[in-house]
Number of protein chains: 2
Amino acid sequence: MSPQKDPTDKALPRKRERLTRELVLSAALRLVDAEGLDALTMRRLGQELGRDPMGLYRYAANRAELLDGVSELVLDELAITPDAPDWQAQLRRIAHDLRLLALRHPNVVPLLVTRPLSTPLGLRPLGTLRPLEQILSLLIDAGFAPADALHVYRAYYGYLYGHILNELQELIVDPDENEALLRLGLHRLPPKEFPRLRALAPVLATYDGAAELDQGISILLSGLSAHLSPPGSQPLG
Amino acid sequence: MSPQKDPTDKALPRKRERLTRELVLSAALRLVDAEGLDALTMRRLGQELGRDPMGLYRYAANRAELLDGVSELVLDELAITPDAPDWQAQLRRIAHDLRLLALRHPNVVPLLVTRPLSTPLGLRPLGTLRPLEQILSLLIDAGFAPADALHVYRAYYGYLYGHILNELQELIVDPDENEALLRLGLHRLPPKEFPRLRALAPVLATYDGAAELDQGISILLSGLSAHLSPPGSQPLG
DNA sequence: ACCTGAACACCGTTCAAGT
DNA sequence: ACCTGAACACCGTTCAAGT
């Protein structure tokens, strides 16, 4: 919801300033972005804020809730405007926004995909359910029957998260290396067992995530159009 | 690769039997299945095996490698036969197999989606790369150009993992409750803010994951056929 | 009523001391 | 050369003692 934050804004809270949940969570996010999930411990976060770690339990009941809070904070960066003129264009834009958000906060992605697995839908932090509600709204307003909107959402969000996981996995091991095999560390694979993968090194090394996502969304939207015949727009493909 | 294991087989190794990596990993998997990822600690696993925890470092250099080993062990249950008569049917079957595997080992799913994010492609455990290699083989043998095979793989595997994450998220909070809203805990959501989601409670409560996956795969395959015009099979839809 | 920090029951991992 | 377990540097969380 809230737009891009000025990074210097509320960065390190004044020494004796009163803490707020926002302050605690944004410090937690900074820590995760900079050093990874494992670095986010109650004690370390307390140290980062210049406070007794025990004081943090006022803002998150336990570490799991702290992690949920970080998820919420990040998803809050995603803007979904329900009054969409064109639902397909809207879904495409949201997909690209979420992709960029994931690239901005790669260390948070495991949280986004993993935390919901340990909490039933209705007990999840509201901030993480808002995108779901808003996309359903978007689709229903565009004329889908609610049950169809749910199917579209599932296929869309499923593919979207799948793509993000795929893209983040194909990280470069050594960007200075200009031999494709070496850039991805693929030379470590036994050639007999992995001929296809090794042969694809040059293709893998020049991966264009935005283009791939865009094409995937196109495929999905055209498939969905063919199967669900959405209102107000003729099926593609 | 190896078929379903007899659960009593190599369950608890004889007290002073020599440990093997297989024995250690299957004990680790049992622990994760029964009590979740957090229960898998070096000390607890040592206790489970009746051994000094330090001895485990002979079979996994550290906890991260132990987690990778569990991922490998689970993915090993997935059979991919490269000599496929019909690549579409094959992809569909693999999707259902992986779905069932995820339902059998829900606590391992976070590992499957998360571990690859912290290791470059070429340095990953071979067991986790084998499905990728085999699916590429399958597609290339079916006539796809290697680069196209990679695109198909990405769209397919992305959607597949996305679906699994979606499905595992929609767990029932109280199976004995027959009011849909309560089954999912959706009554906890503020009605003003989440009208769509609450209204969909009955649909959510009767989720059929296998059917949804099957339909999603159909949509994807028809979309892929339209965009990539694979050899030896006319485009669907 | 709030804040503080000592204490408890754990972690992963190193490494010296045994065999 | 291998195995063992003491020791180190951490964890999350509880709760009694202070204010």
Side-chain angles (χ1 to χ4, degrees), chain A residues 13-25 27-72 107-108 110-111 114-115 117-119 125, chain B residues 13-25 27-73 107-108 110-111 114-115 117-119 123 125:
Chain A
R14 295 267 163 276
K15 243 334 184 205
R16 287 287 90 193
E17 186 181 340
R18 185 108 183 80
L19 281 186
T20 62
R21 186 176 155 83
E22 256 267 318
L23 232 33
V24 170
L25 291 181
L29 176 57
R30 234 174 8 250
L31 197 48
V32 172
D33 281 341
E35 303 183 34
L37 274 179
D38 289 344
L40 178 56
T41 67
M42 304 302 277
R43 289 159 127 105
R44 175 68 194 282
L45 183 55
Q47 178 182 316
E48 217 70 23
L49 289 163
R51 293 300 205 294
D52 185 308
M54 298 305 109
L56 301 178
Y57 285 90
R58 273 182 73 47
Y59 307 98
N62 48 43
R63 183 165 187 266
E65 222 175 72
L66 190 65
L67 296 178
D68 276 336
V70 172
S71 289
E72 275 189 287
N107 294 337
V108 178
L111 240 43
T114 270
R115 288 296 311 152
L117 298 179
S118 33
T119 326
Chain B
R14 296 264 162 281
K15 245 332 185 202
R16 287 288 88 194
E17 186 180 343
R18 186 107 181 81
L19 283 184
T20 63
R21 186 177 154 87
E22 257 268 317
L23 232 34
V24 170
L25 292 181
L29 176 56
R30 238 176 3 254
L31 197 49
V32 172
D33 280 340
E35 303 183 34
L37 274 179
D38 289 346
L40 179 55
T41 67
M42 304 303 276
R43 288 160 127 106
R44 175 71 193 282
L45 183 56
Q47 179 182 314
E48 216 70 24
L49 288 164
R51 293 301 204 296
D52 186 307
M54 298 306 108
L56 301 177
Y57 284 91
R58 274 184 73 49
Y59 306 97
N62 48 45
R63 183 165 186 266
E65 223 176 71
L66 189 65
L67 297 177
D68 276 336
V70 172
S71 290
E72 275 188 287
L73 190 61
N107 294 337
V108 179
L111 239 43
T114 270
R115 287 295 310 151
L117 298 178
S118 34
T119 327
L123 307 183

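Note on naming: letters A, B, ... go to the chains in the order of the sequence lines (proteins, then strands), and numbering restarts at 1 for each one.
Atoms CG (A:Asp52) and P (C:dC2) sit 16 Å apart, rounded to a whole Å. Between A:Leu56 atom CG and C:dC3 atom C1' there is a gap of 13 Å when expressed in whole angstrom units. For B:Arg51 and D:dG5, the CZ to C1' distance is 16 Å, given to the nearest whole Å. Taking atom CG of residue A:Asp38 and atom C1' of nucleotide D:dA9, one finds them 15 Å apart after rounding to whole Å.
No donor-acceptor pair under 3.5 Å is formed between the side chain of A:Gln47 and the backbone N or O of A:Arg43. Distance alone, capped at 3.5 Å, is enough to place a donor-acceptor pair between the B:Arg63 side chain and the B:Leu40 backbone. When atom types are taken as modelled, the side chain of A:Arg51 and the backbone of A:Gly46 share no donor-acceptor pair closer than 3.5 angstrom.
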Legend entry - Under 4.0 Å protein heavy-atom contacts per nucleotide of nucleotides 10-17 of chain D, with B for base, S for backbone only and - for none: -BBBB---
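Contact check, B:Arg18 against D:dC3: a side-chain N or O comes under 4.0 Å of OP1 or OP2.
Pair check for C:dG18 finds D:dC2; Watson-Crick or G-U wobble, both atom distances under 3.5 Å. Partner assigned to C:dC8 is D:dG12, using Watson-Crick or G-U wobble distances below 3.5 angstrom.
One P atom belongs to C:dA9, the other to D:dA9, and the distance between them is 22 Å to the nearest Å.
When side chains are defined from C-beta on, A:Leu23 does not count as touching A:Leu49, because their heavy atoms never get closer than 4.5 Å. Contact check for A:Leu117 versus B:Pro110: side-chain heavy atoms found under the 4.5 Å cut-off.
The CG atom of A:Asn107 sits 9.5 Å away from the CG atom of A:Asp38 when rounded to the nearest 0.5 Å.
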